[in-house]
Trainee: 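One structure follows; several queries about it will come next.
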Amino acid sequence: MTSLPTYIDETDLHALVDGELDPDHRRRVEDHLLINPADAMLVETWRRQNAALRAAFEPIALETPPLSLRTAATRAATQTPGPIETGATHWGRPGATPRPRRIEDLRVRQRRQAMLISALLLVSGLALAGLAAFVFASGRSAAPPGPVVGAFTQGYVSRAGLTYATYTVDAHPVEFDAARRDELADRLKTRVGFSRIPDLSTLNLHLLGGRIVPGASGPAGFLIYERADGGRIGLYFERAVFAVAPPAPKGGFGVTAIEWRAADFAFVLVGPLPPDAMQEAAERAAAQVAAQVAAPTP
Amino acid sequence: MRLNSEILAALSEATPGLRRYARAIGAGAAAAVADGLVQSALQSVGARLYARELRPAGPEEARLESYIALTALAARKSLDAPPPGPRHPPIVHGLAALPFEERAVLLLISLEGFGYDAVARIVGAPRDNVMEWLRRARRSLSGDVPATQSADTPRPHPQAPHLRIVK
């Protein structure tokens, strides 16, 4: 090595070749090279070395790298835990090269979609089953046998009230008046099956007549009694389908209804009289019906 | 896991330079061997990224990490490298005769354009060592073997590159 000034050493020459100097320092080193040809030769030699190295290996960098190298980091960073760092060429080793990422992604996506669809189907099926169970249970609980009978028994009173409201105010309230009592009895016997007409004249209730009316479960008989003041009460009777104890007297809309059972028939007495009078009339009628049942007509 | 696509793109862009460096540090080794080294290095970096052992600050840092991995792999592999054939230029024969550290430092600086500090980090040595290895490498390649060299470390004769220390 040739003699160098104290402030320029070989490290500075290397730094000059490698571009590691700041501009000021670089200028001083270049000035030094101008007066030291031997050092300048050294620098030139190193530059030639660099050029020779680049000439020998630069073409490799200009090649297009194999796909496996271009994607090696990406594949390792996203899928495999990493290679065995033995330095061996293991890129052909089974398992070292993972399957292409797109296929794997596709499979994962398909799996997720299948799971989502299964979950949705399961949830919708459960919802449908729950809805069906709810509807079935509510449908069953809505139709117990008791209320049906109640509706029927309620039906006699309602039917009697409806019949009373329909015919007692009519211009022709009866089909057969009291003068055609026998004819009325025959008709009632034929259609309703009960032809015994109570006599309530002791209660100042005179028979106005009677008619066949539609009942809750078949033809019914309807007798109308009239008081001297024009007040009318109706006796409705129909063959009882259900043997249920008669309910207590019901009031409403200005009339009172009393229901009782006798000889498989349901009787309802409907009228605007006070409850006591209605009760008395009902008891009288019931007694006469029971008596006539006990002593059948010839 | 979300990997920075910028980092992965930087690694992909560094691949041509890595291949060049791998071929050079193998001193004319077979292309398949050099590419195998590059692949191992890239996969190593990718796996460390995946495991979050490695968190490069930017693309340049990621590129540096790939050179660190490749240099470490090449250091283990260098003893098995065959000598360059007669078709290789003289500079390759000169490279093959250099100790691994000198060869790596010279190539990283002259061929790959790294600064001295970056090279010190890649080879994992202080900067003074890097400068010393660079001096020795350039002297050896220019045939100017300094007197201190024979006293420091025994080296294969420059005229007989096929004789190598194997242990």
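Convention: sequence-line order gives letters A, B, ...; per-chain numbering from 1.
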Trainee: Enumerate the ring-ring contact (aromatic ring centres under 6.0 Å, His included) contacts for residues 7-27 of chain B, please, sequence neighbours excluded, ordered by first and then second residue.
Mentor: B:Tyr21-B:Tyr67

Trainee: Quick check on A:Ala15 against chain B: is it the side chain, the backbone, both or neither that has a heavy atom closer than 4.5 Å?
Mentor: both

Trainee: Under 4.5 Å heavy-atom distance to chain B, tell me which part of A:Thr11 shows up: side chain, backbone, both or neither.
Mentor: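 For A:Thr11, backbone and side chain are both near chain B.
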
Trainee: So, the side chain of A:Glu259 versus the backbone of A:Ala266: is there a donor-acceptor pair under 3.5 Å, distance only?
Mentor: no

Trainee: Please enumerate all residues that pass ring pair (Phe, Tyr, Trp, His ring centres under 6.0 Å) together with A:Tyr164, with sequence neighbours excluded.
Mentor: none

Trainee: Please output the residues of residues 17-29 of chain A in contact with chain B, using a heavy-atom cutoff of under 4.5 Å, in numerical order.
Mentor: A:Val17, A:Asp18, A:Glu20

Trainee: Mark yes when over 12 heavy atoms from residues, nucleotides or ligands other than A:Arg48 sit less than 6.0 Å from its CZ; otherwise mark no.
Mentor: no

Trainee: Looking at B:Arg20 and A:Ile60, would you say the former's side chain and the latter's main chain have a donor-acceptor pair under 3.5 Å?
Mentor: no

Trainee: Can you say whether B:Ile7 sits under 4.5 Å from chain A via the side chain, the backbone, both, or neither, judging by heavy atoms?
Mentor: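 Contact with chain A is absent: no heavy atom of B:Ile7 under 4.5 Å.
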
Trainee: Restricting to side chain to side chain contact (heavy atoms under 4.5 Å, CB included), what partner residues turn up for B:Ala118, sequence neighbours left out?
Mentor: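 Side chain to side chain contact (heavy atoms under 4.5 Å, CB included) list for B:Ala118, sorted by chain: B:Leu64, B:Phe114.
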
Trainee: Does any backbone or side-chain atom of B:Leu18 lie under 4.5 Å from a heavy atom of chain A? Answer side chain, backbone, both or neither.
Mentor: neither

Trainee: Does A:Asp12 use its side chain to pair, donor to acceptor, with the backbone of A:Asp9 at less than 3.5 Å?
Mentor: yes

Trainee: Considering only heavy atoms from C-beta outward, does the side chain of B:Arg121 approach that of B:Glu65 to under 4.5 Å?
Mentor: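 In contact.
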
